[in-house]
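If you're wondering where the values come from, they're calculated on a predicted model, not measured in any experiment.
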Amino acid sequence: MVNELFGEPGQLQSAWLRLSNAELPDYRQLEDWLKWLAFKTAGNPVISHFDPEAVLQSYTTTRSNTSLSRVTGGPVDNTLRVSRLFNRQLIFLAHLDLIAFKGSQYSPAKVQFGLALACAAWRRMGTSRNRGWGEIEVVLEDETGQDLCTPALQELGSLMDLTHQ
């Protein structure tokens, strides 16, 4: 199901999942406002805090880390890494569609169930050093705003209970 849902490299036909770019909830209004501001302030050197680097810095931060030598306790040469991270509390929204294709062996309900389980697993991304610096929350809702992850987890729990009886 994973390969049908997300696709495989070199696959000739599309996978079920069609996912848009994730954007800030007010991205379109912000983009229009920044374009207007850039037009109104063109050539004005006083307004410099709206350049792309300044906008990037307002939404992200960087973290540096390096390996330490067990012998000397000092940094190991050529191990400095700098990562750009999103600031906490940012929300990104993406639209997705599940589109069945000819020859699929799964029903839309089964694929939706699989996607809901994948989203539930992503909820733990970032909770340890090797999986990221922060925490993320992934919410999967249908067109009406109904949560799809919780019922999928409950159904999975019921299935697991049945297999252990």
Side-chain angles (χ1 to χ4, degrees), residues 1-34 52-53 55-68 70 76 78-165:
M1 180 183 291
V2 171
N3 291 340
E4 274 199 30
L5 180 58
F6 296 104
E8 298 178 75
Q11 187 174 338
L12 295 177
Q13 64 186 20
S14 297
W16 279 81
L17 185 64
R18 305 290 190 282
L19 185 63
S20 71
N21 289 332
E23 299 174 341
L24 295 167
D26 58 351
Y27 168 76
R28 298 291 175 204
Q29 295 87 354
L30 181 61
E31 181 183 40
D32 291 343
W33 187 84
L34 288 173
E53 184 62 30
V55 173
L56 180 68
Q57 288 178 9
S58 68
Y59 289 105
T60 64
T61 188
T62 58
R63 288 229 176 115
S64 304
N65 63 340
T66 189
S67 295
L68 298 178
R70 292 180 188 210
V76 177
N78 300 316
T79 61
L80 178 63
R81 301 291 181 261
V82 179
S83 303
R84 181 164 300 277
L85 311 166
F86 287 113
N87 293 337
R88 290 178 183 258
Q89 306 303 318
L90 283 178
I91 295 172
F92 290 90
L93 302 175
H95 179 83
L96 68 86
D97 291 305
L98 293 176
I99 301 174
F101 57 89
K102 189 176 181 178
S104 173
Q105 59 182 342
Y106 300 103
S107 70
K110 287 280 189 196
V111 172
Q112 180 178 305
F113 177 75
L115 181 61
L117 292 178
C119 288
W122 294 336
R123 289 179 178 178
R124 299 291 172 235
M125 182 183 290
T127 57
S128 73
R129 180 180 167 95
N130 293 335
R131 290 189 302 234
W133 292 100
E135 294 183 12
I136 67 166
E137 179 182 352
V138 176
V139 178
L140 180 65
E141 298 175 343
D142 65 12
E143 306 84 24
T144 66
Q146 183 177 347
D147 173 31
L148 298 176
C149 291
T150 303
L153 288 173
Q154 290 169 343
E155 185 177 337
L156 180 63
S158 297
L159 292 172
M160 297 299 287
D161 289 343
L162 290 176
T163 60
H164 292 315
Q165 289 179 0

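The line from CD of Gln105 to CE of Met1 is 8.5 Å long, rounded to the nearest 0.5 Å. Summarising the geometry, atom CG belonging to Asn87 is positioned 8.0 Å from atom OG belonging to Ser58; distances are rounded to the nearest 0.5 Å. Atoms CG and OG, on Leu5 and Ser104 in that order, are 10.0 Å from each other to the nearest 0.5 Å. For the atom pair OG1 (Thr150) and CG (Leu140), the distance works out to 10.0 Å, reported to the nearest 0.5 Å. Of the inter-residue distances, the one linking Glu23 atom CD with Glu31 atom CD reads 8.0 Å to the nearest 0.5 angstrom. In this structure, CG on Leu85 lies 8.0 Å from OG1 on Thr60, to the nearest 0.5 angstrom.
Of all heavy-atom pairs between Tyr106 and Val111, the closest is CB-CG2, 3.7 Å. Closest of all the heavy-atom pairs between His95 and Asp97 is NE2-OD1, 3.2 Å. The two residues Trp16 and Ala100 come nearest to each other via the heavy atoms CH2-CB, 3.4 Å. Taking both residues in full, the closest heavy atoms of Leu98 and Leu115 are given as CD2-CD2, 4.0 Å, listed atom of the first, atom of the second, then distance. Of all non-hydrogen atoms in Phe6 and Ala15, the two that sit nearest each other are C-CB, 3.6 Å. Taking both residues in full, the closest heavy atoms of Cys149 and Ala116 are given as SG-O, 3.6 Å, listed atom of the first, atom of the second, then distance.
No more than 12 heavy atoms of other residues, nucleotides or ligands sit less than 6.0 Å from atom CG of Asn21. The local environment of CG in Asn78 is sparse, with at most 12 non-hydrogen atoms from other residues, nucleotides or ligands closer than 6.0 Å. Within a 6.0 Å sphere centred on CD1 of Ile91, heavy atoms belonging to other residues, nucleotides or ligands number 12 at most. Applying the 6.0 Å contact sphere to CZ of Phe92 captures more than 12 heavy atoms from other residues, nucleotides or ligands.
Within the 4.5 Å cutoff, side-chain heavy atoms of Leu80 are placed close to those of Ser64. Using a 4.5 Å heavy-atom cutoff, the side chains of Leu56 and Arg84 are in contact.
A donor-acceptor distance shorter than 3.5 angstrom exists from the side chain of Asp142 to the backbone of Gln146, with no hydrogens or angles considered.
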